[in-house]
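The structure appears right after this line, and notes come after that.
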Amino acid sequence: MELEVDYGVPAVAVQADAFARLVDSVARVNGMPHARRCFVPTPVIDRTPDQLRAYIEGDDPVRGGPFMARVLSLLEEPLPQEALRGVDLDRSAPRLVPPGTEDELRRLFEDNHWTDYLPIVLPTEERVEAMLAGTSRAPDEIVGQMRPTSYRELWSYDVEKVAVNAVMAGALPEHFPVILALASSGHTARQSSTSSAAGMVVVNGPIRHELNMNMGIGALGPYNRANAAIGRAFGLLSQNLQGGSVPGETYMGAQGNAMAYSSVTFAENEENSPWVPYHVQQGFDPEESTVTPFYVWGNTWNEGVRDTWPQKLKRMVTAQDPYLGVTLLMDPIAARRFVDVGFGTKDALIEWIYENCRVPRAEFWDNFGSRNLYHTIVELGEEPFTSYWNAGPEELIPVAEPDNIHVVVVGGSSNGQWSLFSARHVDRRFRNSPDDPATVSIEPWR
Amino acid sequence: MSTRKLSVLDPTGYPPKVVARGLSQSPGNLDGRTLFLVDVGFENSDRFMVQLQGWLAEHRPRIRTEVVRWKDQHAPDPELCARIRAEGDAAILGVGT
């Protein structure tokens, strides 16, 4: 679109047909619903040259008719005046939805894709006002901006809008500062990626106790009001405040992710950890309460740090795609065992993973994340990925850089569980600003 | 179920204002003109553009084509855009996945 609008070059965008509704939506919200576009079948990624040639010689599966005839007609035939002008779009909405019975309103919220399809608490004015009592901030104060992916437009939201979603999630006013801090981060729990990323949330500092958050037995499960409601609120506020999370339009995860129901929200068990808390690693004072959102894809599980832990850990880390990130969630029993085998700090364990969990160059680059997300960095000539690209085929490359390896202690010591979550901070390139921090303070939102 | 009417708040954020943006008029017949084929960097887009160039060479040989690569698939490439404006008449970008 930039080539067309900013540089005045007539341009046709070729897209895979699975993205047709998304592309139509992006064109509309950029004021150019007539943007020239054509479609080929999905997938493109693993097709041979002959198969791609067949796409080109075949029909456009969305618009119909021969693909190349459509491409050339879009570039060679005169456009109508409306396409040359573009189209304004007013999407403003009143503060209140039309009054209705409980049944009618529940249906309205579901029809508009405003829920996670579990029952919500309807955000009446009284309930929203009660939620607003959980912060000193004014209802009309802007909290931040969010979008489902980097190529969509940023939507903004104020304190009251966040409160509406917190009510819907079943949160209590005392949870509200954590929810506001998450909203202020600008990181979405409803990323539209085809990779089906979900959100994950780690809470640190004194507020864990103030909210009676679960950091012990069952911390990641459905056993605590604060954990459950804060996580659900993060998901609902993300989809509603960023302009939607609708499959095929503003959400493209091929399979989706069940973790998105809860945004895997828990507190670190700082008191039973042998290491410094996560937020202290990120430069915060231990007495400051913070929240850290991650993207998460999946996890693997272990019980006990046994004699063969190095082999096991290497297999776990090298089994996953490099881009995803390595986040170890350790029960205190497992954490203390790692201390026993020589890791006096989290950083020492991170360094061991970086040094020892490596794969041959050919394997490192043969996956979606590396080919599509790290390779862009190579195009820009940045290290270390340029060196990784230029390495010999058998040269060993670390699966994760130290800043993409995280260790958090959580669990109630009913066994020595430790899990590897494929989870990472939001890539700096996809933050609202590259300098936006991954971990945010909750204190300003009290 | 209660038939009492409730008043509730809209949960959606504030969208940016959408201002109309016009497209560029078509240059007409592309024979004798330069068409840039822009590989935007998604996996296999480079192969697609080579095939597209091959099809054009066979079926529309009088169109000059050049395959170029967009540096960052997630952001416009100003240097390349400026070159296309200076040296080209139209472009095909892809493949978005």
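Labels below follow one simple rule: chain letters A, B, ... track the order of the sequence lines, proteins then strands, and each chain is numbered from 1.
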A/Y157 versus B/Y14, closest heavy-atom pair with distance: CA-CD1, 3.9 Å
Judged by atom type as modelled, is there a donor-acceptor pair below 3.5 Å linking the side chain of A/R91 to the main-chain atoms of B/P16? yes
Chain B contact via A/Q239 - which portion, at a heavy-atom distance below 4.5 Å: neither
Atom CD of B/E79 with >12 non-hydrogen neighbours under 6.0 angstrom: no
Is it true that A/E104 and B/K5 have a side-chain N and a carboxylate O under 4.0 angstrom from each other? yes
Distance from A/L380 atom CG to B/D77 atom CG, nearest 0.5 Å? 8.5 Å
Atom pair NZ (B/K17) and CG (A/L89), whose distance is rounded to the nearest 0.5 Å: 9.5 Å
Positive for side chain to side chain contact (heavy atoms under 4.5 Å, CB included) with B/R85, one of A/D6, A/L3, A/V9: A/V9
Taking every heavy atom of A/E57 against every heavy atom of B/W55, the minimum-distance pair comes out as CG-CD1, 3.7 Å
Which heavy atom in B/R47 sits nearest to a heavy atom in A/T48, and how many Å separate them? NH1-CA, 4.0 Å
Can you name the nearest heavy-atom pair linking A/L72 to B/I63, along with the distance? CD2-CD1, 4.3 Å
Check each atom of A/V164 against the heavy atoms of chain B and say whether the ones under 4.5 Å are side chain, backbone, both or neither. side chain
Could you look at B/D89 and say if it's the side chain, the backbone, both or neither that has a heavy atom under 4.5 Å from chain A? backbone
Would you find a donor on one side and an acceptor on the other, under 3.5 Å apart, between the side chain of A/E76 and the backbone of B/L30? yes
Part of B/L80 within contact of chain A (heavy atom distance under 4.5 Å): neither
The interface call for B/R33 against chain A, heavy-atom contacts under 4.5 Å, is neither
Side chain, backbone, both or neither of A/T149 within contact of chain B (heavy atoms, under 4.5 Å): neither
Find the distance between CZ (B/R21) and CG (A/L84) and round it off to the nearest 0.5 Å. 15.0 Å
Most heavy-atom pairs under 4.5 angstrom with chain A, which of B/S24, B/G94, B/S45? B/S24
Which portion of A/P94 sits near chain B, non-hydrogen atoms under 4.5 angstrom: backbone
Does any part of the side chain of B/L6, heavy atoms only, come nearer than 4.5 Å to the side chain of A/L122, both counted from C-beta? yes
Are A/E2 and B/P78 packed together at the side-chain level, in the sense that at least one heavy-atom pair is separated by less than 4.5 angstrom? no
Is a side-chain donor or acceptor of B/Q25 paired with a backbone partner of A/L79 at a separation under 3.5 angstrom? yes
Regarding A/R36 and B/S26, do their side chains bring together a donor and an acceptor under 3.5 Å, going by distance alone? yes
Given a strict heavy-atom distance threshold of 4.5 Å, which part of A/N165 is in contact with chain B: side chain, backbone, both, or neither? side chain
Backbone N/O of A/L96 and side chain of B/D10: donor-acceptor pair under 3.5 Å: no
Select, from B/P15, B/G22, B/S7, the one with the greatest count of heavy-atom pairs under 4.5 Å involving chain A. B/P15
Verify whether one side chain among A/R47 and B/N44 offers a donor that lies under 3.5 Å from an acceptor in the other. no
Are any of the side-chain heavy atoms of B/H59 and A/M68 separated by less than 4.5 Å? no
